[in-house]
Amino acid sequence: MSDLLKIADKTYHSRLLVGTGKYQDFAQTRAAIDASGAEIITVAIRRTNIGQNSGEPSLLDFLPPEEFTYLPNTAGCYSADDAVRTLRLARELLDGHKLVKLEVLGDPNTLYPNMIETIAAAKVLVKDGFDVMVYCSDDPIMAKQLEEIGCCAVMPLASLIGSGMGILNPWNLQIIIANANIPVLVDAGVGTASDAAIAMELGCQGILMNTAIAAAGNPVLMASAMKKAVQAGREAYLAGRMPKKLYSASPSSPSAGLIV
Amino acid sequence: MQLIINGKFRDFDSAGFSVAHLVSTLALEGKRLAIECNGEIVPRSQFAEKQLTDGDKLEIVGAVGGG
């Protein structure tokens with residue numbers, strides 16, 4: 001069955017998008033990403049170390065941009081201006097690459113998004129020709145406004161970045177999904193495989209995660225688990241679950257032909 | 001001349017050289033990076049022609065692991 005994720009006119013087989021931070025080393029990063037099956041990987045844009053270890057390998061040596069779709073992010077940005085500046089540098093860095101992840105944070109303790117700055121940045125970036133996947137609060141009105149601005153995907157948090165608390169408000173996610181005409185992906189908060197499956201069963205088009213894999217006891221094995229959970233959740237969503245009933249009164253085995 | 005690179009002052013013996021020369025001096029040749037000079041992006045195609053002057057503020061960035 002062909003069930004592809006479509007983002008900004010490009011299609012992907014994997015609905016699991018992964019970050020590249022917090023791993024022990026680049027070899028582990030690569031192994032985990034291979035196990036996850038992810039095609040889209042996020043990277044951060046930072047000042048280059050100057051005058052030291054110039055021969056040392058970089059992330060790009062292990063994850064060639066020809067092999068993956070890079071999703072440069074604006075992690076660490078607290079204003080629309082900083083986020084826009086960062087992504088313009090990313091576009092230059094990646095030879096005119098348009099697909100980006102916008103996130104504008106509101107405070108360093110929770111890393112909760114600042115939606116006012118996020119919306120301001122989204123307007124500038126869309127106008128500037130970027131394909132914007134946007135990290136946002138799970139507020140259905142905010143998600144709708146980001147869609148109307150022209151973002152190519154909205155990515156509400158399931159719980160705080162790096163918290164591993166799972167899907168805290170499935171009801172809001174369902175409202176966002178029901179109202180959206182663009183892909184909705186859960187970004188942030190997934191802790192383990194069942195969280196990923198739940199998000200996909202709700203009808204999310206995909207999941208973006210980093211810490212759940214990188215901070216697992218065995219990141220490569222967790223990456224494999226996440227791949228399966230995302231696939232399982234997606235298939236369950238497409239299959240359509242049975243209705244929940246307090247009493248069944250409908251046994252799975254025939255009532256006729258009993259021996260007593 | 002003096003340049004401010006990634007927030008740090010750096011002194012250079014010669015003056016009036018190009019971005020391409022700076023990249024080579026800093027042993028960054030062949031690395032994938034993006035450069036901003038005084039808040040404006042310098043496209044890679046213009047590294048050779050873009051001349052730097054005393055006091056220019058440069059940001060040299062690359063991609064690193066992130067979520």
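Just so it is clear: chains get the letters A, B, ... in the order the sequence lines come, proteins before strands, and each one is counted from 1.
- Neither the backbone nor the side chain of K22(A) comes within less than 4.5 Å of any heavy atom in chain B.
- Near-neighbour residues of residues 66-73 of chain A relative to chain B, defined by a heavy atom under 4.5 Å from a heavy atom of that chain, comprise E66(A), N73(A).
- Contact of I41(A) with chain B is not made at all, since no heavy-atom distance falls under 4.5 Å.
- Top candidate by heavy-atom pairs under 4.5 Å with chain B, chosen from L63(A), T48(A), N210(A), T211(A), is T48(A).
- Between chain A and the residues V42(B), I41(B), I5(B), the largest count of heavy-atom pairs under 4.5 Å involves I41(B).
- For M1(B), the CE atom sits in a packed shell: over 12 heavy atoms of surrounding residues, nucleotides or ligands are nearer than 6.0 Å.
- Atoms CG and CZ, from L33(B) and R47(A) in turn, are 14.5 Å apart once rounded to the nearest 0.5 Å.
- Contact record, A44(A) with G65(B): CB-O, 4.1 Å, taken as the closest heavy-atom pair.
- Here the closest non-hydrogen pair linking P43(B) and E92(A) is CA-OE2, 3.3 Å.
- Both the backbone and the side chain of L89(A) have a heavy atom closer than 4.5 Å to some heavy atom of chain B.
- Put simply, CD1 on I50(A) and CG on L58(B) are 8.5 Å apart, with the number rounded to the nearest 0.5 Å.
- Counting heavy atoms from C-beta outward, D95(A) and R44(B) have side chains that approach closer than 4.5 Å.
- A donor-acceptor pair under 3.5 Å is formed between the side chain of R32(B) and the backbone N or O of L93(A).
- Closest heavy-atom contact between V64(B) and L59(A): C-CD2, 3.6 Å.
- Salt bridge present: E36(B) and R85(A) bring a charged side-chain N and a carboxylate O closer than 4.0 Å.
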